[in-house]
Amino acid sequence: MKRTILFAAMAAVMAVSCTESNKYVINGTIANNDGKTVYLNYQIGDSTVKDSAVIADGKFMFEGTLDRPYRGGALIIGDMNDMQSRPDVCQLALEPCTITVDATAGTLKEAVIKGGKTQTEMNELAAQLKPMQDKFEESNKVYYTLENDAQRDSLNAVMEPVRKEYKEICTNFYKTHTDSYLAPQYLFMDMSEMSYEDIKAAYDAFTDDVKSYGREIEEVKKELDALEMIQPGHEAPDFTAEDINGKQFTLSSLKGKVVILDFWASWCKPCRASNPHMLQLYKKYYDKGFELVYVSDDDSEPEKWRKAVEEDKLVGDGIHHVLRGLKWDRSKGLAGMDHTNDISDKYAIHFLPTKYLIDREGKMVCKINEGEDEALDAKLKEIFGF
């Protein structure tokens, strides 16, 4: 068997942190693929562990040692970097046990996989979701044949109940499988649309083991930490950034003012549509101590940011503009993202536009989502008295 493990440094980490009890074995059977190479990939931290085996007499095998009780893995035949070649892929749960992969139909995509507890849960959930995924696949084929937006909107409307059913099944999974290592990934998928209280309730219900492992649970923790800091009454998370005029701007310098922190982008149509209303509020309340701070998601194309500010006439002594601070080397994919100075992370931003109202003491008042102009108007009327 041919074996290749990239990122040799990982071997030393695993040797220190793993015990023989975390050993896994994969026994695979696949038809009509002799001589081809099957790859096993899984993540440890920011690194990818890659193993490979040549298929002989319709069989292949992997064995290794995990650094924790569960890792999500993938078996691949083909080149994942060349999607035109249509690589054959299946997902599996790596656990300290013997895992069997039965691909006698000739493709990994159709393989029957048996293993430990997490694999069993994965199989059960996949069976529930398959009818919807089949509909999504058919819908996607039709979508690209449609000739205009009206037809696409009609198809989207037809598919909305399917998306809703899919989401309900996933939500039900993490609420009823609180001891499953898979549960955090489905909470992670949901949390951008959930309140702090609902995320915390779901997180608190997980067992200690589930809270200990996985990228998704770490992301849930980060989300909870960020949301906790922006609850009403908390001091608004401070930041300093270079403004559109090349000067340093610090949010806390506006203490004593009522502030709207507006997360937007030049390419965001709903954001641009809300700007006239924001200017009306600015003109109405500026003399009473009201200012606007725009945080733009245009780091990669600042010239478009500047143009949008000019076109929408977002100028005035009490209007401040900064970029969010996300640095992204796109040649490295997601690994090239640097969130070190990302203002959006501090405010748990997932959708644009999103606005926050901050009082004169620099404390959070409320969040304003798209379409909540009336609620914002009422809050400002309450603060300013007119």
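Counting only distance, with no hydrogens or angles, the side chain of Glu165 and the backbone of Ile169 share no donor-acceptor pair below 3.5 Å. Of the possible donor and acceptor atoms, one in the side chain of Glu372 sits under 3.5 Å from a partner among the backbone N and O of Asn369. At least one donor-acceptor pair under 3.5 Å links the side chain of Asp238 to the backbone N or O of Ser252. Side-chain N or O atoms of Asp102 include one that pairs as donor or acceptor with a backbone N or O of Thr104 at under 3.5 Å.
Closest approach of Leu314 to Ile319, counting heavy atoms only: O-CG2, 3.6 Å. Nearest heavy atom pair, residue Ala74 against residue Leu92, reads N-CD2, 3.7 Å.
Under a cut-off of 6.0 angstrom, the local environment of NZ in Lys200 is sparse, with at most 12 non-hydrogen atoms contributed by other residues, nucleotides or ligands. Heavy atoms of other residues, nucleotides or ligands lying less than 6.0 angstrom from CG of Asp317 number 12 at most. Within a 6.0 Å radius of CD in Glu374, other residues, nucleotides and ligands contribute 12 heavy atoms or fewer. In the displayed structure, Asn140 atom CG is contacted under 6.0 Å by more than 12 heavy atoms of other residues, nucleotides or ligands. Within a 6.0 Å radius of CG in Asp57, no more than 12 heavy atoms belonging to other residues, nucleotides or ligands are found. The number of heavy-atom neighbours closer than 6.0 Å to CD of Gln248, taken from other residues, nucleotides and ligands shown, is above 12.
To the nearest 0.5 angstrom, Lys59 atom NZ is 13.5 Å from Asn33 atom CG.
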Working for ring pair (Phe, Tyr, Trp, His ring centres under 6.0 Å), residues Tyr186 and Tyr174
CA-CA 6 Å; Tyr186 294 103; Tyr174 70 73; 7.9 Å; no
Test log, rule ring pair (Phe, Tyr, Trp, His ring centres under 6.0 Å), inputs Tyr24 and Phe62
CA-CA 8 Å; Tyr24 65 85; Phe62 294 96; 8.2 Å; no
Could you go step by step and tell me if Lys221 and Glu218 meet the salt bridge (charged side-chain N to carboxylate O under 4.0 Å, His left out) rule?
CA-CA 5 Å; Lys221 290 176 184 176; Glu218 292 303 319; 3.4 Å; yes
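With sequence neighbours excluded, the residues satisfying side chain to side chain donor-acceptor pair (under 3.5 Å) with Asn123 are Gln119. Partners of Thr354 under the side chain to side chain donor-acceptor pair (under 3.5 Å) rule, at least two apart in sequence or in another chain, do not exist in this structure. Taking Phe239 as the reference, nothing meets the ring-ring contact (aromatic ring centres under 6.0 Å, His included) condition, with sequence neighbours excluded.
Between Tyr347 and Tyr356, the two ring planes are tilted [angle within 30° to 60°]. Using cut-offs of 30° and 60° for the angle between ring planes, the Tyr286 and Tyr282 rings count as tilted.
When ring centroids are compared, Phe263 and Tyr294 stay outside the 6.0 Å threshold.
A cation-pi arrangement, defined by a distance under 6.0 Å to the six-membered ring centre and an angle within 45 degrees of its axis, is absent between Arg71 and Tyr213.
Between Cys271 and the options Asp297, Leu352, Asp312, a side chain to side chain contact (heavy atoms under 4.5 Å, CB included) holds for only Leu352.
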